[in-house]
There are 2 protein chains.
Amino acid sequence: MSDTPSRLLNLLSLLQTPREWPGSELAERLRVSPRTIRRDIDRLRELGYPVRSSMGAEGGYRLVAGTAMPPLLLDDEEAVAIAVGLRAAAGHAVAGIEEASVRALAKVIQVLPSRLRHRVSTVNAATMPLAGDGPTVDPDDLTVLVAASAGAERLRFGYRDGDGTESKRLVEPLRLVHAGRRWYLVAYDNHRDDWRSFRVDRITDPFPTGVRASPRELPAEDAAAFVAGRRSDWGLPTFRMVVTLHAPASRVAGRLGDAPGDVRPIDEHSCLLDSSRDDSLEWLAHRMAMLGCEFEVHEPPQLAEQLRALSARVSRAAG
Amino acid sequence: MSDTPSRLLNLLSLLQTPREWPGSELAERLRVSPRTIRRDIDRLRELGYPVRSSMGAEGGYRLVAGTAMPPLLLDDEEAVAIAVGLRAAAGHAVAGIEEASVRALAKVIQVLPSRLRHRVSTVNAATMPLAGDGPTVDPDDLTVLVAASAGAERLRFGYRDGDGTESKRLVEPLRLVHAGRRWYLVAYDNHRDDWRSFRVDRITDPFPTGVRASPRELPAEDAAAFVAGRRSDWGLPTFRMVVTLHAPASRVAGRLGDAPGDVRPIDEHSCLLDSSRDDSLEWLAHRMAMLGCEFEVHEPPQLAEQLRALSARVSRAAG
DNA sequence: GCCATCTGGGACAGAAACTGACCTACATGG
DNA sequence: CCATGTAGGTCAGTTTCTGTCCCAGATGGC
């Protein structure tokens, strides 16, 4: 309850609250003398956690940004919030950090108290899958796969091949790779006696056997290169769009996310949007549809086509 | 570098990796004797972190789910992934855990090394704002507000009133409240000398003054009740939809998220969807539009109208 | 300008802890 | 049956930690 290491953890936890803590209050909370608190603060600083202190009356301690990430001490609700956010990010593949998202999710899920697990899934109800293209990947499956890869544990799963033929697999997983909006598992197939890359969306019911396998050498520079070499289904074509939006630039900026690309005002009531990133047609189309204002497409022509198809489908649905 | 508390933290960090660690390997990594590792494991268990150990050869230690959340030790990329996920969740208001998301985000942002901050915002580029209704709230603003509230720090910001009149405010923030798909800041306005609830989407450039204010008594049961009493703009009306989807139930399930509501197969090629949750028309419309299959709306009639408007807008845009 | 209130840190003595080096018991898989 | 792993007892020496004295310096309010 009150030995030194646990007290340090508690102190870190208190300091992570975004407020100032006078040393006296910390001392009271942790049931030690103020002098000990000062020493503990010193210790934390030596460990690399930057504790800023403001002098004078009204002063106090607080944890600020440093060079390394301190251990995050979360309460129940915060833990659930993080799990939900990561599930969404991993499942919908936020570009650039997919693999880190899944790793972090695996960490959180591994230690998430069971009473909180069901809350994660129920809350997830409110989320909408973003990726418009192709089947979605179950984030829970992803965490199973990443855990098995990290632990080099043998894995069983069902696999539906490109032809649609189903098979049972027993593999030694190496790594999870994200490429071209898809997840791949690079693993050594024990039945086929060779390396394979599996599309995760075609994997069903992955189940870790609990047996550790000794690492093998992959006949490629790394897992990503292996997938790149094997992959037959190169990702969907991507486009960059140019559209005129009939809404003031200021209003648009807030609704396009953080880096909407290049938004140039034309006049008081309209602006020109040049999405600097490349994205799939479906993504671009939905993004525009959700904007809620009138607009005109200049580039690419395929986007106009996509929008016509969308409009027709929606119109048919409305009857 | 190698005193006891820091070693315990390192040990926790190692055990959070989803794999098995034999005691000897841990001893080597932490530069202590295996006996000390066993003692450390004991200590962690006493602190409430459940370390599972498998006996026999091929055995080892690993951290499993317990009753409390252990401190999360993250590497750079994982930290960024969590921040991105939370930003998305907080900004788009995943129902039910909005306030916890913002609290967690404030914690992460507070200690996130500065070199990682810009990565969070650049990665966010790929995200799409979900909430279709009303202006979006900047997650960064939210973290500033929640930090100031927790620390009882005086706050300055610009405010655009319901009439559109701009004003400068100096307030003592009490709490951030989420109600009816909107964020409100409950605070004591130092110029008006009274309690107010501010809509966060109308707040610009919040800036903490660094001055702590002594807490005042709110003339209401709690902040949520205060907002509920003051709020003139009751949230948007919500609806529950019933639609027929012209796609196999199995294919739809994967693309609707985790709790899509009630999906009942009609035949091999179509199914009936009853969204059990209430949502805004805009949300429902976009959700259907993104589904990518043919569908027919049965309930509510307002949704059909919304879809007709959407279709018309998109059709005009496609030219 | 004074005072209250905070951080920062030195010195010291007694108490508490931590560690490594033994040892044995027990579980597991080949 | 053996190798390899966890589990845990004991012991002695050392280290560390704590509380209680101090006093210096910074800051904001009166």
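Chain naming here is simple, since letters A, B, ... match the order of the sequence lines and numbering starts at 1 in each.
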OP1 or OP2 of dT7(C) less than 4.0 angstrom from a side-chain nitrogen or oxygen of Arg45(A), does that happen here?
no
Need to verify one output field. Residue with the more 5' nearest nucleotide on DNA chain C, Pro5(A) or Tyr61(A)?
Tyr61(A)
Only one of Val84(B), Leu86(B), Val80(B) passes side chain to side chain contact (heavy atoms under 4.5 Å, CB included) with Ile82(B), and that residue is Leu86(B)
In whole Å, I'd like the distance from the CD atom of Glu28(B) to the P atom of dG5(D).
12 Å
Between P of dG9(C) and CD1 of Ile37(A), the distance in whole Å:
15 Å
Given dG19(D), dC22(C), dT7(C), which nucleotide is nearest the side-chain atoms of Thr36(A)?
dG19(D)
Validation row, ring centre Trp195(A) to ring centre Tyr188(A) under 6.0 Å
yes
Taking atom C1' of dT5(C) as reference, at what distance in whole Å does atom CD of Glu25(A) sit?
14 Å
Residue pairs fulfilling salt bridge (Lys or Arg N to Asp or Glu O under 4.0 Å) with at least one residue in residues 25-34 of chain B, sequence neighbours excluded:
Arg19(B)-Glu25(B)
In whole angstrom, give the distance that lies between atom CG of Asp40(A) and atom P of dT7(C).
14 Å
Salt-bridge criterion met for Glu78(A) and Arg103(B) (N-O under 4.0 Å):
yes
Has the side chain of Arg38(A) got a donor or acceptor that lies under 3.5 Å from a partner of the other kind on the base of dG8(C)?
yes
With Phe198(B) via ring pair (Phe, Tyr, Trp, His ring centres under 6.0 Å) - residues at least two apart:
Phe157(B), Tyr159(B)
List, with names and distances, any nitrogen or oxygen atoms from the protein found under 3.5 Å away from nitrogen or oxygen atoms belonging to nucleotides 12-17 of chain C.
none

Length of the line joining Leu15(B):CG and dT6(D):P, which is rounded to integer Å
11 Å
Arg115(A)/Asp76(A) ion pair, N-O < 4.0 Å:
yes
Give the rounded distance in Å between these two atoms: CG of Leu26(A) and P of dC6(C).
12 Å
Would you indicate which nucleotide in dG20(C), dT6(D), dG9(C) comes nearest to any side-chain atom of Asp42(A)?
dG9(C)
Would you say the side chain of Arg35(A) and the base of dG8(C) hold a donor-acceptor pair, judged only by whether the two atoms sit under 3.5 Å apart?
no
Donor-acceptor pair between Arg38(B) and Thr36(B) side chains, under 3.5 angstrom:
no
So, is Ser53(B) near the phosphate of dG5(D), with a side-chain N or O under 4.0 Å from OP1 or OP2?
no
I need the CD-P distance between Glu20(A) and dT27(D), as an integer number of Å.
13 Å
